[in-house]
Amino acid sequence: MLKIIFILLLLIPFCLINNIFWMVQNMLLLISFIFIMFYNYNNYFMNISYFMGCDLVSYGFILLSMWICSLMLMASGMLNKYSNFSNLFLLNMLFLLLFLILTFSSMNLFMFYFFFESSLIPTLFLILGWGYQPERLQAGIYLLFYTLLVSLPMLVGIFYIYINIGSLNFYLMMNMFNNSELLYFSMIMAFLVKMPMFLVHLWLPKAHVEAPVSGSMILAGIMLKLGGYGLLRVMSFIQLINMKMNYIWISISLTGGFLISLVCLRQTDLKSLIAYSSVAHMGIVLSGLMTMTYWGICGSYTLMVAHGLCSSGLFCLANISYERLGSRSLLINKGLLNFMPSMTLWWFLLSAGNMAAPPTLNLLGEIFLLNSIVSWSYLSMIMLSLLSFFSAAYTLYLYSYSQHGKIFSGNYSFSMGKIREYLLLFLHWLPLNLLIMKSEICSLWL
């Protein structure tokens, strides 16, 4: 792991040189490919150093982080073109990637917490520095305080664990705490807000709508996954108490996912719709994870990776039409089939991914999750069927409303995408559909 981190540290001085934007982006893609070559991970921690190690879950998320970060730079071409503090942007991005890699490869609970919270700062800078509307200040404060409010109890919980068992290593903390409800809530709430679970999700649509395209991509691609990853790690030593409590989280998530799907159906802002659909997807991920079954845990991991690629691609598409039309409103972004005919294919492919059509990785994740949640309780079928139906409904609404219909009369001519944009969308779509061919990575790691 250290070699990857050293490469990133050596990239930092390059950010201060002018006109080097695309080189840094190419280097990040190169690092991603180098990291793919390291694939020899299984359920156990490998490449262990003082506090870092990597198992299959970490490997998937680190690779996703690098991939999304290099695609973020590719999506932010306008920022480089108008030299909107592009050097600072690169620096910010590299620090964010560094914190994410350190978060995913920490084997120590306190180190994990430290980097988990550190990744908040570059994200905040992204929203405040490169956001579009004046409300970005409010969005940044929402993001900060939702996360910080619940992370102090978690810090206290971590110290309590250390005092009691003398170690914070993930492997030395199996099923130690079976009777402390307070510890359970303090450990788990930080991740539920980060996921975000319904009822504590309000910061997410706000942050997405105000963030630049790169901010939205990293929020949807990686930041939501931090919560799921944290739960996967923490669950191992609070299993028995979670068996008592999990019905609360599953019922909130499934009901919330359904309600959010209804909210999606009446959004008029492209980004807002995609952001709310993320909350609905994370609801089903959280439910599957809380069933504590083998299928549920594999499915939540699979759907998190799939959602990272799919949602990030949809945000890119929303940004591409925003750059042409200057608005994200669905009332203006309609009839895009006439305006950008070749982009409609990409809208279709990524929307199909969003509604879990085959052969995307989303389908595999949802099959796992449906099985695990229904096996946990037959009653959950009601909410699951509603959730699946409305998930398809709002995705179809997004696709058909934006692509079909009469074109807005303020637009004229038509617009082709740039090669950079087609490549960007292709690099989101390809892993999303190829990974299902090698799905044993997602399902055979426990």
Side-chain angles (χ1 to χ4, degrees), residues 8 11 15 21 24-25 28-29 31-32 60-80 84-86 88-104 115-132 136 139-140 142-144 146-147 193-196 203-230 271 274-275 277-279 281-282 304-319 322 424-425 427-428 431-432:
L8 286 176
L11 265 182
C15 298
F21 193 83
V24 174
Q25 192 256 329
L28 280 179
L29 266 179
I31 298 169
S32 316
F61 285 128
I62 291 173
L63 189 53
L64 186 67
S65 305
M66 290 177 180
W67 195 248
I68 297 283
C69 282
S70 53
L71 294 184
M72 269 168 66
L73 292 186
M74 202 187 274
S76 307
M78 283 299 179
L79 192 139
N80 179 44
N84 183 7
F85 298 99
S86 51
L88 274 176
F89 178 76
L90 284 177
L91 193 66
N92 194 32
M93 229 274 324
L94 276 177
F95 272 112
L96 180 54
L97 181 56
L98 203 60
F99 285 144
L100 286 171
I101 291 177
L102 287 166
T103 309
F104 288 130
F115 292 122
F116 173 79
E117 295 302 330
S118 307
S119 61
L120 203 64
I121 300 163
T123 319
L124 189 69
F125 283 160
L126 260 183
I127 294 175
L128 292 183
W130 288 272
Y132 297 126
R136 60 178 188 258
Y142 267 43
L143 170 73
L144 204 62
Y146 262 94
T147 315
V193 169
K194 202 72 172 175
M195 279 286 288
W203 62 271
L204 182 79
K206 197 87 186 138
H208 270 309
V209 170
E210 304 304 327
V213 58
S214 49
S216 283
M217 284 170 71
I218 202 76
L219 268 171
I222 314 294
M223 287 310 185
L224 306 188
K225 315 302 173 276
L226 279 173
Y229 175 79
K271 257 189 159 176
I274 303 166
S277 79
S278 292
V279 182
H281 282 303
M282 286 295 124
M304 278 194 284
V305 173
H307 173 266
L309 291 163
C310 179
S311 212
S312 170
L314 281 169
F315 278 115
C316 290
L317 277 167
N319 182 64
Y322 175 70
L424 168 68
L425 294 167
L427 291 181
H428 276 111
L432 186 62

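Worth saying up front: this structure is predicted, and the values here are computed from it rather than measured.
- A distance-only check finds a donor-acceptor pair linking the side chain of Trp203 to the backbone of Val193 [under 3.5 Å].
- In this structure, Phe125 has its ring center no closer than 6.0 Å to that of Phe95.
- Closest approach of Ala139 and Glu210 over heavy atoms only: CB-CG, 3.5 Å.
- Looking at heavy atoms from C-beta onward, Leu79 lies out of side-chain contact with Val213 at the 4.5 angstrom threshold.
- A heavy-atom distance below 4.5 Å is not found between the side chains of Asn80 and Gln25.
- Ring geometry for Phe104 versus Tyr229: interplanar angle over 60°, hence perpendicular rather than tilted (30 to 60°).
- With sequence neighbours excluded, the residues forming a side chain to side chain donor-acceptor pair (under 3.5 Å) with Lys225 are His307, listed by chain and number.
- Taking every heavy atom of both residues into account, Ala211 and Ser216 meet most closely at CB-N, 3.9 Å.
- The side-chain heavy atoms of Phe89 and Leu73, taken from C-beta on, include a pair separated by under 4.5 Å.
- Listed by chain and number, the residues in a side-chain contact (heavy atoms from CB on, under 4.5 Å) with Phe85 are Leu88, Trp130 (sequence neighbours excluded).
- Side-chain atoms of Leu8 and Leu28, non-hydrogen and from C-beta on, do get closer than 4.5 Å to each other.
- Shown here are the side chain to side chain donor-acceptor pair (under 3.5 Å) partners of Ser70, two or more places apart in sequence or in another chain: there are none.
- Between Cys15 and Leu91 the shortest heavy-atom distance is SG-N, 3.8 Å.
- When atom types are taken as modelled, the side chain of Ser119 and the backbone of Leu96 share no donor-acceptor pair closer than 3.5 angstrom.
- Taking the centre and axis of the six-membered ring of Phe116, the NZ or CZ atom of Lys194 falls inside the cone set by 45° and 6.0 Å.
- Side-chain contact between Leu64 and Leu309 is present, with heavy atoms from C-beta onward closer than 4.5 Å.
- Across all their heavy atoms, Leu71 and Leu424 have their closest contact at O-CD1, 3.4 Å.
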